[in-house]
Amino acid sequence: QVQLVESGGGSVQAGGSLRLSCAVSGVNFEAFALAWFRQAPGAEREFIAAISAYNGRTYIDNSVRGRITITKDDAKSAAYLKMDHLKPEDSAVYYCAANVRNAVAGVEAFYDYWGQGTQVTVSS
C-alpha cells in the first residue's frame, strides 16, 4: 500500500523558514517523480515544485522561485520542501504527490498518490 505522509508544517512569522518532509512507503521510491502542491482556503490546489526520479532534476513554479528548494533522499524514501522568506500568502495546506511513471507536470491529474497534507500558517 502506497503511503505519503507530510510533516514539518506549523506557524511561522513572515520572513521565516520551514522545511516540509514527505515520507513515502510502499513504492519503489527511486523510480517515482515527486511534487509539492498547496491549497489555500477557497482556492484551487496549485503546483509548487517537483523533482524527477534518477537525475533529480527540479522544477519550481515561477510564483515561488528563489524561495523554494525541493530535494529528495532516496536512502530515506523522503522528499523535502525548504521554504524561505515566507509570506502570509504562503499560508496553505501543503501536499506531497507521487507519479509512478516519473512524469513531472504542474497538473494534479498527473499524480497517482497523495498525502494528507500539512498546514503552514504564516503571520505578518
message: Can you tell me if Arg57 has over 12 outside heavy atoms packed within less than 6.0 Å of its CZ?
response: no
- prompt: Rounded to the nearest 0.5 Å, what separation is found between the NZ atom of Lys76 and the OG atom of Ser21?
  reply: 9.0 Å
query: Under 3.5 Å, is there a donor-acceptor pair between the Tyr80 and Arg19 side chains?
result: no
task: For Ser124 and Ala14, work out which heavy atoms get closest and say how close.
output: CA-CB, 4.2 Å
task: Taking Arg65 for its side chain and Ile60 for its backbone only, find out whether a donor-acceptor pair lies under 3.5 Å.
output: yes
message: Between Phe47 and Arg38, does the side-chain contact (heavy atoms from CB on, under 4.5 Å) criterion hold? Intermediate values first, please.
response: CA-CA 7 Å; Phe47 172 78; Arg38 68 184 180 187; over 6 Å; no
task: Output the distance between atom CG (Leu34) and atom CD1 (Ile70), rounded to the nearest 0.5 Å.
output: 7.0 Å
- prompt: Do Tyr111 side-chain atoms and Val100 backbone N/O form a donor-acceptor pair below 3.5 Å?
  reply: no
field: Full working for side-chain contact (heavy atoms from CB on, under 4.5 Å) between Asn99 and Phe32
entry: CA-CA 6 Å; Asn99 178 284; Phe32 279 33; over 6 Å; no
Spacing of OG belonging to Ser63 relative to CD belonging to Glu46, to within rounding of 0.5 Å: 5.5 Å
query: For the hydrophobic clusters of this structure (ILVMFWY residues joined by side-chain heavy atoms under 4.5 Å, transitively), does one cluster hold both Tyr113 and Phe29?
result: yes
- request: First locate atom CE of Met83, then atom OH of Tyr94, and finally report the distance between them rounded to the nearest 0.5 Å.
  value: 4.5 Å
task: Report the C-alpha distance between Tyr59 and Ile51 in whole Å, list the side-chain angles of each, state the deciding distance to 0.1 Å, and finish with yes or no for side-chain contact (heavy atoms from CB on, under 4.5 Å).
output: CA-CA 6 Å; Tyr59 306 82; Ile51 186 166; over 6 Å; no
query: Donor-acceptor pair, Ser91 side chain versus Thr121 backbone, under 3.5 Å?
result: no
field: Residue pairs fulfilling disulfide (SG to SG under 2.5 Å) with at least one residue in residues 31-110, sequence neighbours excluded
entry: Cys22-Cys96
message: Would you say the rings of Tyr95 and Phe37 are close, in the sense that their centroids are separated by under 6.0 Å?
response: no
query: Shortest non-hydrogen contact from Ser52 to Val104?
result: OG-CG2, 3.5 Å
message: Starting from Val93, can I reach Ile68 by hopping between I/L/V/M/F/W/Y residues whose side chains sit under 4.5 Å apart?
response: no
field: Test item: Lys82 and Ser17 side chains (from C-beta on) under 4.5 Å apart, heavy atoms
entry: yes
query: Yes or no on side-chain contact (heavy atoms from CB on, under 4.5 Å) for Ile48 and Leu81, after CA distance, side-chain angles and deciding distance?
result: CA-CA 9 Å; Ile48 297 298; Leu81 187 72; 4.3 Å; yes
message: Is the shortest side-chain heavy-atom distance between Trp36 and Glu6 below 4.5 Å?
response: yes
message: On a heavy-atom basis, which atom in Val2 and which in Gly26 lie closest, and how many Å separate them?
response: CG2-O, 3.8 Å
query: Do Asn102 side-chain atoms and Ala31 backbone N/O form a donor-acceptor pair below 3.5 Å?
result: no
task: Look at atom CD of Glu89 and say whether more than 12 heavy atoms of other residues, nucleotides or ligands are closer to it than 6.0 Å.
output: yes
statement: Heavy atoms of Gln119 and Ala92 approach each other most closely as NE2-O, 3.4 Å
query: With a 4.5 Å heavy-atom cut-off, do Leu20 and Val120 have their side chains touching?
result: yes
message: Please find the pair of heavy atoms, one from Arg67 and one from Leu86, that lie closest to each other, and give the distance.
response: NH1-CA, 3.8 Å
- prompt: Is Phe110 linked to Trp114 within one hydrophobic cluster, defined over Ile, Leu, Val, Met, Phe, Trp and Tyr using a side-chain heavy-atom separation of less than 4.5 Å?
  reply: yes
message: Please list all pairs meeting disulfide (SG to SG under 2.5 Å) that have one or both residues in residues 44-95, counting only residues at least two apart or in different chains.
response: none
